[in-house]
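Have a look at the structure below before the remarks.
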Amino acid sequence: MAQYLDKDPFTYEHEKRTFMNDLRQFQISKGTPLNRLPCIGGKELDLYLLYNKVVSLGGFTKVSDQELWESLLEFFGLPAFCGQGGYALRKIYTRCLVAYEKINHGGEDADEVLRGEGGRTTISYSTAQKFSYGRCVPDNVRITTCMETTLIKQTDYDKLRLSLECGLPNEVDFALNVCTLLSNESKHVLHLEQEPRLLDLLLAHVGIFLEGAGSYRNVYHDSWKTYTDRNFVKYWYDTVQDKEIREVIGPDSKKPKDINKFSDSLLFAQRNEGIKDVERSRILQVGIILRNLSFEKHNQHVMARHRTLYRFLLLCSHNDCSTLKHIGMDTLSNIAELFNLDPIDYRSSQLMFHTIYKGLYDKDKYVMLRAMDIVEKLCKTVGNSEILIECLEQRLYDRVVAVLTIHDIQLLLGALELLLILSEKGEVTCTHIVESDRSIDVLVCLVTLDAQSLGQDAFIGIKIVDHAPDGIHHPIVTINQQGSMAQVRAPMPTAPMNPQLQQQVMPQTGVNRVQTTPVQRPLPMVHLAREYQFCYVN
């Protein structure tokens with residue numbers, strides 16, 4: 001569609017999103033909310049393209065007078081001889097765009113246009129101030145004055161939204177505490193599809209705004225900021241050092257003048273630490289809420305499509321605060337399976353690859369695991385396969401193969417899972433794997449890997465349970481809190497043993513070690529083909 005307006009895809013997408021937000025707000029003020037996009041020929045109609053084409057031809061009146069509606073069908077993939085196609089376009093334009101065109105293109109007065117369309121007029125602030133939430137017009141007065149008698153009942157989601165919108169500190173704190181409780185796994189967990197604006201509000205309260213119509217940026221600067229004296233925009237500039245990621249904070253016009261100008265924020269800290277940093281505490285609270293919600297399948301669909309949330313996760317993933325970095329990578333990993341990558345010339349996809357590469361080379365083991373998990377889940381989406389095959393660089397494959405040589409079970413399994421998924425994508429990815437230095441040698445060595453040879457540090461934080469379908473009991477390798485390994489050997493399914501050969505329990509600090517004394521059989525080799533269950537112990 002972008003080529004019909006002579007625009008690049010990124011500019012077209014941004015302008016279309018801004019236009020649709022503006023149009024939806026206009027339709028709501030008119031009293032006819034645009035809940036669904038109109039369809040023609042079984043496909044959703046691009047209202048942004050239709051509006052621009054009609055306006056370029058002189059507007060609705062001129063197109064109708066000259067009967068040019070049929071000539072617009074080709075821009076929407078419809079044949080020119082499509083029966084009633086032109087009439088359908090005119091009908092849709094009349095219902096959705098005529099009033100908008102009169103105000104924004106024709107320059108007509110908004111109140112007159114809305115009154116002529118039968119829409120609602122805006123109540124002045126002085127009139128609305130006379131009413132309070134607790135008062136209601138009696139039914140007999142409504143009937144005599146021809147007012148609507150069926151009142152809209154506010155849902156719990158509406159009340160939560162209003163509490164966040166008001167910006168009053170106590171109301172916002174209470175609403176965020178409620179969201180924290182409802183974000184935990186339970187039958188009362190929040191359903192973001194019930195009120196999608198909750199995401200916009202939560203992000204607005206940490207300084208991340210939807211750009212364009214419907215943004216809370218002006219409300220934040222004119223109202224919310226005066227109540228709390230929190231400067232979240234400055235916080236993001238102080239704690240995110242990556243210049244590429246700083247682009248998603250917001251327009252340069254909103255950039256504060258007193259940001260941290262030192263490259264090493266650890267040596268030249270300009271922010272308070274701990275609970276004294278009120279901006280960080282609020283961002284952590286919102287980040288935990290969003291992370292908890294991302295574990296629910298019904299929320300993942302909403303969150304994966306929300307690009308303002310994506311900007312927030314990018315900022316968290318590149319933050320100086322390690323806790324925020326873990327929250328950002330974890331949430332991004334949870335929604336990655338439903339995340340649709342844009343074409344590579346879009347900035348959103350470029351920043352995704354930038355985050356993956358930076359995460360793979362991070363010194364934090366948790367960030368490395370999440371980076372590999374993000375790539376693995378992105379590969380599971382059919383629409384992402386072509387972009388990943390074409391755009392993943394050789395350095396990613398080299399890094400994953402290098403991770404296989406690290407003596408850590410979690411990193412080892414994460415790298416193997418990622419290589420397995422990539423190898424299923426065809427010749428290109430397999431060639432990249434083979435071209436990595438000594439990749440085949442490393443994989444062959446892993447076939448007969450003895451897990452015990454990796455040392456006890458490789459098992460920190462995990463427990464390995466060997467499931468034996470043949471009924472033979474194999475040893476379980478576990479670890480205590482002090483980091484020492486223990487071998488728990490189950491009794492063999494044989495005849496009862498001699499009383500002298502009974503098990504002896506040897507108590508130790510943090511773990512009970514059970515040993516059978518008669519036969520000290522060597523531990524079996526850990527074959528990766530056997531089914532193992534890895535349980536992460538916090």
Side-chain angles (χ1 to χ4, degrees), residues 1-18 20 46 48-49 208 210-212 240 242-250 300-301 303-318 328-329 331-362 367-368 370-401 418-419 421-436:
M1 298 296 181
Q3 67 271 21
Y4 295 136
L5 298 181
D6 195 23
K7 299 178 183 291
D8 61 87
F10 181 80
T11 304
Y12 182 84
E13 179 194 34
H14 177 72
E15 292 181 356
K16 178 182 176 181
R17 188 185 301 114
T18 303
M20 292 305 301
D46 190 341
Y48 173 65
L49 178 61
I208 307 299
L210 170 70
E211 301 300 337
V240 177
D242 194 311
K243 294 182 180 180
E244 294 188 39
I245 300 299
R246 278 188 171 190
E247 298 176 4
V248 305
I249 297 177
Q300 290 175 0
H301 292 275
M303 299 176 74
R305 297 194 302 265
H306 204 284
R307 290 313 169 99
T308 309
L309 172 63
Y310 175 54
R311 290 167 50 208
F312 171 75
L313 297 180
L314 287 176
L315 291 171
C316 289
S317 301
H318 296 264
M329 294 295 289
T331 309
L332 200 56
S333 172
N334 288 342
I335 66 175
E337 195 167 350
L338 299 172
F339 190 91
N340 291 314
L341 289 172
D342 296 320
I344 193 59
D345 55 343
Y346 279 48
R347 195 61 178 150
S348 58
S349 295
Q350 295 171 6
L351 292 179
M352 173 65 82
F353 285 108
H354 175 70
T355 302
I356 291 170
Y357 294 135
K358 193 170 181 179
L360 285 174
Y361 285 88
D362 199 279
V367 176
M368 291 176 61
R370 295 283 76 80
M372 290 188 290
D373 197 33
I374 290 171
V375 180
E376 178 185 339
K377 291 183 177 179
L378 287 174
C379 289
K380 294 180 180 179
T381 303
V382 178
N384 296 334
S385 297
E386 184 177 350
I387 299 174
L388 291 170
I389 293 172
E390 179 182 353
C391 301
L392 284 179
E393 300 176 9
Q394 181 63 40
R395 57 174 171 153
L396 180 139
Y397 297 90
D398 295 340
R399 180 58 175 172
V400 175
V401 172
L418 178 54
L419 288 177
I421 294 294
L422 291 174
S423 65
E424 295 174 349
K425 295 301 176 181
E427 181 181 351
V428 176
T429 54
C430 290
T431 302
H432 281 299
I433 295 173
V434 173
E435 289 177 350
S436 297

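- Residues V240 and L315 approach most closely at CG2-O, 3.7 Å, considering heavy atoms.
- The structure places OG1 of T431 at 9.5 Å from CD of Q394, a figure rounded to the nearest 0.5 Å.
- In terms of heavy-atom proximity, S423 sits nearest to C430 at O-SG, 3.2 Å.
- Side-chain atoms of L422 and L396, non-hydrogen and from C-beta on, do get closer than 4.5 Å to each other.
- Y346 contributes no side-chain N or O that, together with a main-chain N or O of E13, makes up a donor-acceptor pair within less than 3.5 Å.
- Taking CE from M352 and OH from Y310, the interatomic distance works out to 4.0 Å, rounded to the nearest 0.5 Å.
- Shown here are the ring-ring contact (aromatic ring centres under 6.0 Å, His included) partners of H432, two or more places apart in sequence or in another chain: Y397.
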Problem set entry | Evaluation steps, side-chain contact (heavy atoms from CB on, under 4.5 Å), between L313 and I335 | CA-CA 11 Å; L313 297 180; I335 66 175; 3.9 Å; yes
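- Scanning all heavy atoms of the two residues, the minimum distance from H318 to L314 falls at CD2-O, 3.0 Å.
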For this session: Check step by step if salt bridge (charged side-chain N to carboxylate O under 4.0 Å, His left out) holds for R311 and E247.
Result: CA-CA 10 Å; R311 290 167 50 208; E247 298 176 4; over 6 Å; no
For this session: Would you check, one step at a time, whether the test side-chain contact (heavy atoms from CB on, under 4.5 Å) holds for L360 with R395?
Result: CA-CA 10 Å; L360 285 174; R395 57 174 171 153; over 6 Å; no
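- Between the side chain of N384 and the backbone N or O of F339 there is at least one donor-acceptor pair closer than 3.5 Å.
- Atom CG of N340 is separated from atom CD1 of I387 by 9.0 Å, given to the nearest 0.5 angstrom.
- The NZ atom of K358 sits 14.0 Å away from the CD1 atom of I356 when rounded to the nearest 0.5 Å.
- Between A336 and T381 the shortest heavy-atom distance is O-OG1, 4.2 Å.
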For this session: Report the C-alpha separation of E15 and T18 in whole Å, then their side-chain angles, then the decisive distance to 0.1 Å, and conclude whether the side-chain contact (heavy atoms from CB on, under 4.5 Å) test is met.
Result: CA-CA 5 Å; E15 292 181 356; T18 303; 5.7 Å; no
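- By the 4.5 Å heavy-atom criterion applied to side chains, L388 and L341 are counted as neighbours.
- A distance of 8.0 Å separates SG in C316 from CD1 in I208, rounded to the nearest 0.5 Å.
- Within the 4.5 Å cutoff, no side-chain heavy atoms of E386 are placed close to those of I389.
- Residues M303 and L338 fail the side-chain proximity criterion, which asks for heavy atoms closer than 4.5 Å.
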Got a list of side-chain donor-acceptor pairs under 3.5 Å for residues 370-380, not counting sequence neighbours?
residue : atom : partner : partner atom : Å
D373    : OD2  : S333    : OG           : 2.4
K377    : NZ   : S333    : O            : 3.2

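- To the nearest 0.5 Å, atoms OG (S317) and CG (L351) are separated by 11.0 Å.
- Taking every heavy atom of both residues into account, P343 and S349 meet most closely at O-OG, 3.6 Å.
- The shortest heavy-atom contact between Q350 and I344 is NE2-O, 3.1 Å.
- Under the 4.5 Å side-chain criterion, counting only non-hydrogen atoms from C-beta, M368 is in contact with R399.
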